[in-house]
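Quick notes on the structure that follows.
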Protein chains: 2
Amino acid sequence: MSAESGLRMLVVDDEPQIRKALGINLRARGYEVELAATGEEGLRLAAEQPVDLALVDLGLPGIDGIEVVRGLRGWSEMPIIVLSVRESERDKVEALDAGADDYVTKPFGMGELLARIRAVTRRAAGRDEALPVVMAGELVIDLADRTVTAAARPVSLTPIEWRLLEVLARHPGKLVTQRQLLQQVWGPAYERESNYLRVHFANIRRKLEPVPAQPRHVITEPGIGYRFQL
Amino acid sequence: MSAESGLRMLVVDDEPQIRKALGINLRARGYEVELAATGEEGLRLAAEQPVDLALVDLGLPGIDGIEVVRGLRGWSEMPIIVLSVRESERDKVEALDAGADDYVTKPFGMGELLARIRAVTRRAAGRDEALPVVMAGELVIDLADRTVTAAARPVSLTPIEWRLLEVLARHPGKLVTQRQLLQQVWGPAYERESNYLRVHFANIRRKLEPVPAQPRHVITEPGIGYRFQL
DNA sequence: CGGAGGCGTCAAGAAGCCGATAAGGCCGCT
DNA sequence: AGCGGCCTTATCGGCTTCTTGACGCCTCCG
């Protein structure tokens with residue numbers, strides 16, 4: 001489970017050595033890190049440029065960490081992990097009910113913190129699972145919804161037709177060999193049945209090419225395979 | 001933040017007094033609780049009727065708690081909280097990376113556990129509930145109130161009919177496979193019973209499609225699954 | 001010039017899937 | 001005990017889809 005690079009993280013803690021240690025460890029994992037010593041500064045940094053996750057200490061000078069959590073929750077649903085030396089149940093309940101996703105008591109191991117970061121980001125990330133929509137001329141292929149429209153009209157494809165088109169559309173412009181197509185759709189035992197491809201691609205072209213005899217998007221590469229032309 | 005009643009919770013722990021204490025406290029908060037003493041029993045209970053949250057002890061006779069977490073994650077994204085006497089960082093990292101959402105070391109305070117339950121369910125609930133009310137033509141589906149009206153008339157659905165429609169309506173326009181539907185409504189043990197879907201969707205269409213023979217919103221994708229068309 | 005291989009087209013048969021219907025069992029309610 | 005709603009299970013007809021074989025066209029190459 002590798003760290004996802006590019007994620008912006010905000011660390012709010014008044015102890016310099018904690019800030020420094022977190023900054024070093026998180027940056028080493030490929031995260032982008034913003035450091036804040038006070039709650040006010042943390043809220044300001046988060047407002048200026050949104051962050052993907054916040055680590056907030058409870059004992060802060062000025063406004064308390066719990067207020068930072070409430071402030072962030074007021075406008076964002078980013079994952080928030082509270083770090084604190086306070087071990088009382090009352091503090092934990094208050095922080096979690098204020099909107100924190102997790103509560104870690106200091107001192108903590110860096111490995112545990114990183115694992116908890118992975119846990120909360122994993123759940124937050126699963127929200128919008130990368131759904132590519134391939135558009136080519138009058139064709140729109142929505143890989144997430146599993147729909148195809150040609151000239152603004154919905155096209156209904158059979159299971160095999162869809163899977164063939166899906167394999168091509170996942171790599172627009174790239175050449176896909178017959179063997180790859182047969183293996184992906186029918187399985188390894190059908191690698192030589194290239195006649196399957198001819199009849200099914202004929203049906204696909206009939207459904208979504210304006211002139212099936214002169215295909216513009218589903219292109220045959222003789223002797224090799226097929227390609228989806230944008 | 002009050003406890004949402006009706007949430008089904010699964011408790012997997014081999015210590016009888018822990019099971020009893022959790023059962024009493026959770027039921028007092030309005031949760032519905034299933035108790036299991038072994039990992040096998042826990043997985044079986046979850047498979048028979050899906051649960052909304054799982055509390056899993058690590059030290060179990062038979063298969064280990066970590067395997068229970070992996071087994072649940074294999075087919076469900078339900079929140080999972082691990083309870084354990086083990087305090088080592090290695091155990092925590094392993095459990096969290098296996099898919100657990102939180103890790104609580106025994107002994108723990110009931111208030112803290114309840115707060116952590118609220119935290120993970122809050123995030124899991126907020127995931128799809130962006131659209132509590134789905135409208136499609138003459139149909140209005142209120143996911144929060146669990147009510148359906150067709151042409152301004154209230155429609156009464158059976159429990160299974162509602163859950164099927166709910167799974168579809170949570171992702172309008174998106175194709176949901178038969179396997180996903182069967183898993184979500186009946187559990188992973190019923191992945192092959194696609195005849196269930198035919199019978200129940202026939203009843204659903206009879207109740208809320210103007211012309212059941214030509215459905216406009218509950219669409220069948222032959223060989224694949226079903227789709228809720230807006 | 002002629003043959004071979006690859007490709008597109010068509011059609012027929014078989015297999016699979018869906019919708020409809022109804023009977024039987026389980027459970028809760030009266 | 002009786003009743004009714006709900007889920008499961010089985011069967012049947014109709015339709016779609018996949019497979020399979022045959023045929024003609026094209027290009028490439030000997």
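Keep in mind it's a predicted model, so treat the numbers as computed, not measured. Here is the naming used below: chain letters follow the sequence lines, and residue numbers restart at 1 for every chain.
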Measure the distance from [atom1] on [X] to [atom2] on [N] and round it to the nearest whole Å.
| X | N | atom1 | atom2 | value |
| --- | --- | --- | --- | --- |
| K207(B) | dG5(D) | NZ | P | 11 Å |
| N195(B) | dT11(D) | CG | P | 12 Å |
| L164(A) | dT17(D) | CG | P | 14 Å |
| E161(A) | dT19(D) | CD | P | 11 Å |
| E193(B) | dC17(C) | CD | P | 14 Å |
| R163(A) | dT17(D) | CZ | P | 16 Å |
| N203(B) | dG19(C) | CG | P | 12 Å |
| I219(B) | dC18(C) | CD1 | P | 14 Å |

Residues in side chain to side chain donor-acceptor pair (under 3.5 Å) contact with [X], at least two apart in sequence or another chain:
| X | result |
| --- | --- |
| Q184(A) | none |
| R179(B) | none |
| R206(B) | N203(B) |
| K207(A) | E161(A) |

>> If only side-chain N and O atoms count, and only distance matters, is there a donor-acceptor pair under 3.5 Å linking T220(B) with R205(B)?
In response: yes
> Do W162(B) and H200(B) have ring centres separated by under 6.0 Å?
Replying inline: no
It should be established whether [X] places a side-chain nitrogen or oxygen under 4.0 Å from OP1 or OP2 of nucleotide [N].
| X | N | result |
| --- | --- | --- |
| W186(B) | dC7(D) | no |
| Y196(B) | dC7(D) | no |
| H200(A) | dT17(D) | no |

>> Between R123(B) and D101(B), does any NZ, NE, NH1 or NH2 come within less than 4.0 Å of an OD or OE carboxylate oxygen?
In response: no
>> Let me test you: for the helix from dC1(C)-dG30(D) to dT30(C)-dA1(D), what is the angle between the axes at its two ends (five pairs each), rounded to 10 degrees?
In response: 20°
> Which residues pass the side chain to side chain contact (heavy atoms under 4.5 Å, CB included) test with E193(A), sequence neighbours left out?
Replying inline: Y190(A), N195(A), Y196(A)
>> Protein within reach of the bases, or only the backbone? For nucleotides 3-11 of chain C, mark each nucleotide 5' to 3' as B, S or -, using heavy atoms under 4.0 Å.
In response: ---SBBSS-
> Once each nucleotide of nucleotides 23-30 of chain D is scored for protein heavy atoms under 4.0 Å, what B/S/- sequence comes out, 5' to 3'?
Replying inline: --------
> Going through the checks in order, is the salt bridge (Lys or Arg N to Asp or Glu O under 4.0 Å) test met by E89(B) and K92(B)?
Replying inline: CA-CA 5 Å; E89(B) 187 167 61; K92(B) 295 181 183 177; over 6 Å; no
Using a cutoff of under 3.5 Å, can you pull out all pairs of nitrogen or oxygen atoms linking the protein to nucleotides 23-26 of chain C, with atom names and distances?
none

>> Applying the side-chain hydrogen bond (donor to acceptor under 3.5 Å, both in side chains) criterion to E191(B), which one of Q178(B), Q183(B), Q180(B) satisfies it?
In response: Q183(B)
>> Show, in sequence, the C-alpha distance, side-chain angles and deciding distance for R163(B) and T158(B), and conclude whether the side-chain hydrogen bond (donor to acceptor under 3.5 Å, both in side chains) test is met.
In response: CA-CA 9 Å; R163(B) 297 201 65 181; T158(B) 71; over 6 Å; no
> Who are the salt bridge (charged side-chain N to carboxylate O under 4.0 Å, His left out) partners of R19(B), not counting sequence neighbours?
Replying inline: none
> Can you name the ring-ring contact (aromatic ring centres under 6.0 Å, His included) partners of Y103(B), sequence neighbours left out?
Replying inline: none
> Pick the nucleotide of DNA chain D nearest each of I160(B) and Y190(A); which residue has the one closer to the 5' end?
Replying inline: I160(B)
Please list, one pair per line, the donor and acceptor atoms closer than 3.5 Å that link side chains of residues 134-148 of chain A to other protein atoms, with sequence neighbours excluded.
unit_1: D142(A); atom_1: OD1; unit_2: A144(A); atom_2: N; d: 3.0
unit_1: D142(A); atom_1: OD1; unit_2: D145(A); atom_2: N; d: 3.0

